[in-house]
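Everything on this sheet refers to the single structure shown next.
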Amino acid sequence: MHWSFVRLACGVLVGLGVAACGASPTPPGEAPAQYNQLVQVVVSQAEARPDTSFFWLRNTGPAQGRTLMLDLGIDHLRYDRGADVLCVWGGEGLWPAVGFLTAPSSGAIAPDSVGRLCNIEGTCTAEQSTDRWWRFTCS
């Protein structure tokens, strides 16, 4: 009986992990306050750093950034201060990278350059999600 329970629990966890890996992040239109907080955290971190770009996984970066990434379902975050581009996404590898990008200072994005701007390989498409955010998919 003990092993049956362990196998059932592992099957449920694996099933949940697969479902979570294939999911896209919460759209900025559904959580504008949390996305605004995330942009503030990222910009303040960038101002305190000598390098012009950085990359966070959901378990790296400052505590507030990690919490926001987890709450929003974001696996990866890349900010390039020089290019004024913030990219957040989930997936990649077995699943397409699905996420959102914005220009925190200018609001101007070149949607045909998503892959290069976010440093994601593959073919990418983008469409405007809100007035400041673009939704993208790269496969």
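Keep in mind it's a predicted model, so treat the numbers as computed, not measured.
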**Asked** Is there a donor-acceptor pair closer than 3.5 Å between any side-chain N or O of Asp75 and the backbone N or O of Gly91?
**Response** yes
**Prompt:** Out of curiosity, does Leu101 fall in the hydrophobic cluster containing Met69 (side-chain heavy atoms, cut-off under 4.5 Å, transitive links)?
**Reply:** no
**Prompt:** Does the side chain of Arg66 come within less than 4.5 Å of Thr60's, by heavy atoms?
**Reply:** no
**Request:** Specify whether Trp89 and Phe55 have parallel, tilted or perpendicular ring planes, treating 30° as the upper limit for parallel and 60° as the lower limit for perpendicular.
**Result:** tilted
**Prompt:** Can any side-chain N or O of Tyr79 pair as donor or acceptor with the backbone N or O of Val39 at less than 3.5 Å?
**Reply:** no
**Message:** Show the nearest heavy-atom pair for residues Phe100 and Phe136, with the distance to one decimal.
**Reply:** N-CE2, 3.4 Å
**Message:** Test side chain to side chain contact (heavy atoms under 4.5 Å, CB included) on Ile109 and Arg132; report intermediate values, then the result.
**Reply:** CA-CA 9 Å; Ile109 293 291; Arg132 298 206 40 105; over 6 Å; no
**Asked** Cys124 and Cys118: disulfide (SG to SG under 2.5 Å), yes or no, with the steps?
**Response** CA-CA 10 Å; Cys124 301; Cys118 297; over 6 Å; no
**Asked** How long is the span from the CD atom in Gln37 to the OG1 atom in Thr67, to the nearest 0.5 Å?
**Response** 10.0 Å
**Request:** Could you walk me through whether Phe54 and Trp56 pass ring-ring contact (aromatic ring centres under 6.0 Å, His included), step by step?
**Result:** CA-CA 7 Å; Phe54 54 86; Trp56 295 340; 5.0 Å; yes
**Message:** Atom CD of residue position Glu121 - does it have more than 12 heavy atoms of other residues, nucleotides or ligands inside 6.0 Å?
**Reply:** no
**Asked** How far apart are the closest heavy atoms of Leu117 and Arg78, and which atoms are they?
**Response** O-NH1, 2.8 Å
**Student check: side-chain heavy atoms of Arg58 and Leu77 closer than 4.5 Å** = no
**Complete:** Applying salt bridge (charged side-chain N to carboxylate O under 4.0 Å, His left out) to Arg116 and not counting sequence neighbours gives none
**Request:** Using the rule that two of Ile, Leu, Val, Met, Phe, Trp, Tyr join whenever any of their side-chain heavy atoms come within less than 4.5 Å, decide whether Leu57 and Ile120 are in one cluster.
**Result:** yes
**Nearest atoms (heavy-atom pairs only) where Glu127 meets Trp134** = C-CE3, 3.2 Å
**Message:** Ignoring hydrogens, what is the shortest heavy-atom contact between Ser105 and Asp84? Give both atom names and the distance.
**Reply:** N-OD1, 2.9 Å
**Request:** Answer yes if Val43 and Leu68 sit in the same cluster of Ile, Leu, Val, Met, Phe, Trp and Tyr residues linked by side chain heavy atoms under 4.5 Å apart, and no otherwise.
**Result:** yes
**Message:** Could you see if Ile74 belongs to whatever hydrophobic cluster contains Trp133? Use Ile, Leu, Val, Met, Phe, Trp, Tyr and a side-chain cutoff under 4.5 Å.
**Reply:** yes
**Asked** Between Pro25 and Gly90, which heavy-atom pair has the shortest distance, and what is it?
**Response** CG-N, 3.8 Å
**Fill in**
Rounding to 0.5 Å, atoms CG (Leu86) and CG (Leu38) come to a distance of 6.0 Å
**Request:** Could you tell me whether the side chain of Arg81 and the main chain of Asp51 form a donor-acceptor pair under 3.5 Å?
**Result:** yes
**Fill in**
What one should report as the nearest heavy-atom pair of Val41 and Pro62 is CG1-CG, 3.8 Å
